[in-house]
Amino acid sequence: IVKKYDLVIGADGAYSGTRDSLLRQGRINFSRKYIEHGYKELSIPPVFKNGVEDYALDDPNGLHIWPRGKQMLIALPNTDKSFTA
């Protein structure tokens, strides 16, 4: 599929190279606020159950949330049977 656009903007987080390039063009109203806590991304790989590759967590269709005080861990399933947490 090929699409043509007059303008495409991609902003991939606090340190977005695309955003920084746009800011250098001038005349852009922009603010940035950093969160107080950190962010880490983890990968939970698939496991083998009875010789077959399968999801490591029991419900591949669910949103997995483990709260711990002011923090939490969230895991989302991927099509390759891994989870991104």
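Note that this is a predicted model, so its numbers are computed, not measured.
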Do F83 and L42 sit in the same hydrophobic cluster, where Ile, Leu, Val, Met, Phe, Trp and Tyr count as joined when their side-chain heavy atoms come under 4.5 Å apart?
-> yes
Looking at A85 and I44, what are the two nearest heavy atoms and their distance?
-> CB-CD1, 4.2 Å
Do any N or O atoms from the side chain of S21 and from the backbone of G17 form a donor-acceptor pair under 3.5 angstrom?
-> yes
Spatial distance of atom OG (S16) from atom CG (L23) [nearest 0.5 Å] | 9.0 Å
Does a sphere of radius 6.0 Å around CG in D20 hold more than 12 heavy atoms from other residues, nucleotides or ligands, not counting ones at 6.0 Å or beyond?
-> yes
Shortest non-hydrogen contact between E53 and K81, atoms and distance = O-NZ, 3.3 Å
To the nearest 0.5 Å, atom CG of L63 lies from atom CG of L76 at 5.5 Å
Please report the shortest heavy-atom distance between V47 and Y55, naming the atom on each side.
-> CG2-O, 3.8 Å
Could you state whether L22 and L7 fall into the same hydrophobic cluster, counting links through intermediate Ile, Leu, Val, Met, Phe, Trp or Tyr residues with side-chain heavy atoms under 4.5 angstrom apart?
-> yes
Check H64 against D59 and note the closest heavy-atom contact, atom names and distance.
-> NE2-O, 2.7 Å
Is the number of heavy atoms from other residues, nucleotides or ligands within 6.0 Å of NZ (K70) greater than 12?
-> no
Indicate the atoms forming the closest heavy-atom contact of P67 with M72, along with that distance.
-> CA-CB, 3.9 Å
Nearest-0.5 Å distance that lies between atom CG in D58 and atom CG in N61 = 12.0 Å
Do I65 and L73 have side-chain heavy atoms sitting under 4.5 Å apart?
-> no
Looking only at heavy atoms, which two atoms of G62 and P77 are closest? And how far apart?
-> O-CD, 3.9 Å
